[in-house]
There are 2 protein chains.
Amino acid sequence: MLDLNRIRLLREVSLHGSMSAAARSLSYSHSAISQQLSLLERETGVKLLERAGRNVQLTAAGRELVRNTETVLAAMEKAESDLAASHGRAQGAFTVAAFASISRAVLPAALVRIAQAHPDLEVRIQRYEPEDAIVRLASRQVDAIITDSFPGTSSGSANGLHTTILGQDPIRGYLPAGLEISDAQAAANIPWVMEPAETAAAQWALRMCRERGFEPRVLHVSSDVLFHLRMVERGLAAAFLPDMLIVETGSRLQPSHWLPADQRRTLLLIARKGSEDNLALTAVRLALEDELRHVDKL
Amino acid sequence: MLDLNRIRLLREVSLHGSMSAAARSLSYSHSAISQQLSLLERETGVKLLERAGRNVQLTAAGRELVRNTETVLAAMEKAESDLAASHGRAQGAFTVAAFASISRAVLPAALVRIAQAHPDLEVRIQRYEPEDAIVRLASRQVDAIITDSFPGTSSGSANGLHTTILGQDPIRGYLPAGLEISDAQAAANIPWVMEPAETAAAQWALRMCRERGFEPRVLHVSSDVLFHLRMVERGLAAAFLPDMLIVETGSRLQPSHWLPADQRRTLLLIARKGSEDNLALTAVRLALEDELRHVDKL
DNA sequence: CATTAACCGTAAGTTCTGCTTAACGATACG
DNA sequence: CGTATCGTTAAGCAGAACTTACGGTTAATG
């Protein structure tokens with residue numbers, strides 16, 4: 001019988017691209033990985049890795065094995081979830097990766113709700129970049145990811161993952177406080193604040209402007225959406241702001257009637273396949289859905 | 001993450017009905033099982049076993065976990081098979097449980113054929129009682145079972161198993177050598193030799209006689225079918241004999257025209273789910289199917 | 001082109017898991 | 001009522017797995 005731990009190590013190497021990276025991710029020494037994997041190769045009699053420059057690369061057999069390992073792990077995950085569900089209350093640690101705005105707006109209230117229902121469950125929140133979060137989800141450093149997706153953007157979810165929709169968050173365009181305009185010509189001169197260009201949010205915002213017929217002058221770039229809000233309030237820039245942020249801050253800003261309306265981002269909860277019915281995950285999901293409904297009302 | 005080895009132990013206990021039996025089956029001390037399982041309970045925080053008299057019994061949660069373990073093991077089995085298939089030739093040990101007549105008639109020839117195609121594969125043959133074989137299959141002491149099933153008999157295959165049909169083996173009725181009869185009255189006086197009454201073969205044979213309108217006088221009981229043949233040859237008893245046995249011995253016996261004809265048993269190959277495409281299993285299956293076709297011709 | 005850094009492999013040593021042996025309490029059976 | 005069987009627990013041991021340390025190779029950098 002194959003050793004599950006060894007093939008899990010192989011999978012980590014496949015995920016991280018090198019033995020050393022896998023080792024760091026697992027807080028092992030690289031030597032441990034090397035030894036275990038060479039044992040795995042000896043036991044199976046199949047070459048699973050080959051050197052590629054100073055890294056290693058999976059052979060066809062190795063990739064096939066990793067693919068099958070995914071299935072095994074999903075089954076294990078389900079076994080674990082079902083077992084936890086059997087005594088009704090979730091317990092232990094459960095780590096959620098979330099982006100900034102939801103962290104502030106709804107997570108605290110959701111956590112309170114969860115703590116009441118499941119006193120033995122310890123939910124931890126971590127802030128990670130989206131791609132990083134996906135890798136950490138796969139290697140079990142994170143148990144769920146809260147993220148947003150914008151209409152027209154390929155969400156590109158890898159397989160082995162399970163995604164559910166938490167809710168919708170309307171996004172409205174705001175002009176610098178005190179200003180109102182009427183045509184594209186005028187819009188092209190207004191300064192904008194957006195998130196870094198490589199983010200899905202910024203790409204979506206750019207497309208919105210172009211569809212409206214102008215190219216925004218993006219003078220300010222920040223991943224801190226709260227900064228966007230302040231800039232708008234001070235009359236320094238235009239921005240697209242999600243309702244969640246308005247609700248969170250209690251801001252009195254009024255959206256522009258001229259900029260595109262009825263837009264929304266979708267809030268997603270991503271977990272590993274097999275953990276769909278995990279009690280802790282369900283608790284997190286329910287609490288978030290509830291909290292998001294409150295935001296919607298406003 | 002659950003420990004796969006621990007939940008496998010739990011499964012063994014579930015299979016064998018007690019810790020001690022599971023320990024014997026795995027050649028462990030019973031203490032090892034007890035310790036590992038109590039660790040498993042402590043880690044998961046769920047009660048998996050409860051004492052029932054001087055044995056233990058699985059709780060609902062325990063049974064659920066075992067059920068999920070089956071899925072995990074099947075996935076592991078598939079991963080292992082695929083890996084072995086990746087280097088083309090089967091290798092290692094592969095244990096087959098078979099009943100007596102097929103062991104003598106076709107297995108030796110099949111083994112020769114397999115050895116030629118897969119020099120590194122070591123196929124072992126073991127003789128076990130049918131129910132025993134099933135348990136050993138589940139606990140991986142045996143990798144495949146060759147058995148026969150009679151029409152109208154519930155094969156009662158447990159789940160987690162995968163069955164394929166190897167071929168058909170005609171069974172004909174033989175009267176004591178030199179004797180021929182014409183009616184049920186006469187038939188009722190003839191001595192019969194059959195297998196032990198609890199076997200599927202004997203139950204089927206009885207049913208055949210009754211459908212033909214007589215109750216056989218079963219004077220002789222033996223699980224050795226070759227003994228049946230000798231009894232018929234000496235004119236001492238009537239019997240149902242499979243063609244496989246006639247071919248094997250080169251016997252000149254002629255079947256009775258009066259006894260039911262066109263009957264056959266089905267030869268089955270049973271393996272664990274997930275090992276369906278195992279290279280060694282496939283080799284065994286192909287070789288057996290081939291050999292059985294030769295028998296059919298005669 | 002030399003230097004530095006990162007990666008992988010191997011050797012030696014240490015830690016810790018998992019097993020055995022042994023003793024004990026509980027339950028069924030003759 | 002003694003005896004055999006089962007499960008639990010404690011103590012000790014062996015092997016597996018990990019760490020540290022060193023060496024070889026590849027890639028990036030000035």
Side-chain angles (χ1 to χ4, degrees), chain A residues 1-59 61-63 65-66 69 76 135 139-141, chain B residues 1-59 61-63 65-66 69 76 135 139-141:
Chain A
M1 194 81 176
L2 288 171
D3 183 316
L4 178 56
N5 287 318
R6 303 227 169 97
I7 63 181
R8 276 173 67 184
L9 292 188
L10 184 69
R11 173 168 173 274
E12 290 293 328
V13 171
S14 159
L15 278 173
H16 291 94
S18 82
M19 289 190 181
S20 294
R24 277 192 297 271
S25 155
L26 298 163
S27 19
Y28 280 161
S29 67
H30 68 267
S31 173
I33 313 284
S34 175
Q35 290 177 53
Q36 290 299 310
L37 289 183
S38 82
L39 274 178
L40 182 61
E41 285 189 332
R42 191 157 337 144
E43 279 178 356
T44 61
V46 181
K47 203 149 169 38
L48 300 170
L49 293 165
E50 54 197 2
R51 290 205 73 139
R54 57 183 174 186
N55 290 359
V56 285
Q57 185 181 347
L58 296 203
T59 64
R63 284 191 296 272
L65 181 53
V66 167
T69 306
M76 284 287 283
V135 173
S139 40
R140 309 186 117 258
Q141 288 175 20
Chain B
M1 194 82 177
L2 288 170
D3 184 313
L4 179 55
N5 287 317
R6 302 224 170 101
I7 62 180
R8 277 173 67 184
L9 292 188
L10 183 69
R11 174 170 173 273
E12 289 294 328
V13 171
S14 160
L15 279 173
H16 291 95
S18 81
M19 289 192 180
S20 295
R24 277 191 296 271
S25 156
L26 299 164
S27 20
Y28 280 162
S29 68
H30 59 270
S31 172
I33 312 285
S34 174
Q35 290 178 52
Q36 290 299 309
L37 289 183
S38 82
L39 274 179
L40 182 62
E41 284 189 333
R42 190 156 340 145
E43 281 178 354
T44 61
V46 181
K47 203 147 169 40
L48 300 170
L49 294 164
E50 54 196 3
R51 293 206 68 142
R54 59 182 173 186
N55 289 1
V56 285
Q57 183 181 343
L58 295 202
T59 64
R63 283 191 296 273
L65 181 53
V66 168
T69 305
M76 285 287 284
V135 174
S139 40
R140 309 186 115 258
Q141 289 177 17

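Scope of the values below: all heavy atoms of this structure, side chains included, with no hydrogens, waters or symmetry mates. Predicted model only: the values in this text are computed from it and were never measured. Labels below follow one simple rule: chain letters A, B, ... track the order of the sequence lines, proteins then strands, and each chain is numbered from 1.
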Rounded to the nearest Å, what distance is computed from the CG atom of residue B/Leu37 to the P atom of nucleotide C/dG18? 12 Å
Between D/dG7 (C1') and B/Glu41 (CD): distance, integer Å: 12 Å
Would the distance check show the side chain of A/Ser27 and the main-chain N or O of A/Arg24 forming a donor-acceptor pair, the cut-off being under 3.5 Å? no
Just the rounded figure in Å: distance from C1' of C/dG18 to CG of B/Asn5. 10 Å
Answer yes or no: side-chain N or O of B/Gln35 and base N or O of C/dT17 forming a donor-acceptor pair under 3.5 Å. no
Nearest-Å distance, NE2 (B/His30) to P (D/dA4)? 16 Å
Under 4.0 Å, counting only non-hydrogen atoms across every strand here, what does A/Gln36 touch: a base, just sugar-phosphate, or nothing? sugar-phosphate
Are OP1 or OP2 of D/dT8 and a side-chain N or O of B/Ser34 less than 4.0 angstrom apart? yes
The answer to which of B/Ile33 and A/Val56 contacts DNA chain C further toward the 5' end, by nearest nucleotide, is A/Val56
Taking C/dC8, C/dT27, D/dA28 as options, the one with an atom nearest any side-chain atom of A/Arg54 is D/dA28
Whole angstrom value for the distance that separates P of D/dA17 from CG of A/Leu40: 11 Å
Here the distance between atom P of D/dG7 and atom NZ of B/Lys47, to the nearest Å, is 13 Å
Looking for any heavy atom pair under 4.0 Å, which part of the strands does B/Ser29 touch: base, sugar-phosphate only, or nothing? base
Here the pair of heavy atoms bringing B/Leu37 nearest to B/Leu10 is CD2-N, 3.7 Å
Roughly how far apart are B/Arg8 CZ and B/Thr69 OG1, rounded to 0.5 Å? 10.5 Å
Closest listed nucleotide, where the reference is the side chain of A/Asn55 and the choices are C/dC19, C/dC8, D/dG7: C/dC8
Toward the 5' end of DNA chain D, which comes first, A/Tyr28 or B/Arg24, by nearest nucleotide? B/Arg24
For the student: nearest non-hydrogen atoms of B/Leu58 and B/Arg63, plus distance: O-NH1, 2.9 Å
If only side-chain N and O atoms of B/Arg51 are considered, is one of them under 4.0 Å from the OP1 or OP2 phosphate oxygen of D/dT5? no
Side chain of A/Ser20 only, heavy atoms from C-beta on: which candidate in C/dA11, C/dC7, C/dG18 is closest? C/dC7
Tell me: CG of A/Asp3 to C1' of C/dT17, nearest whole Å? 13 Å
For B/His16 and D/dC6, give me the distance from atom NE2 to atom C1', rounded to whole Å. 16 Å
Contact class for B/Ser31 (heavy atom, under 4.0 Å): base, sugar-phosphate, or nothing? base
By the definition side chain to side chain contact (heavy atoms under 4.5 Å, CB included), identify the one residue from A/Arg6, A/Glu41, A/Met19 that meets it with A/Gln36. A/Arg6
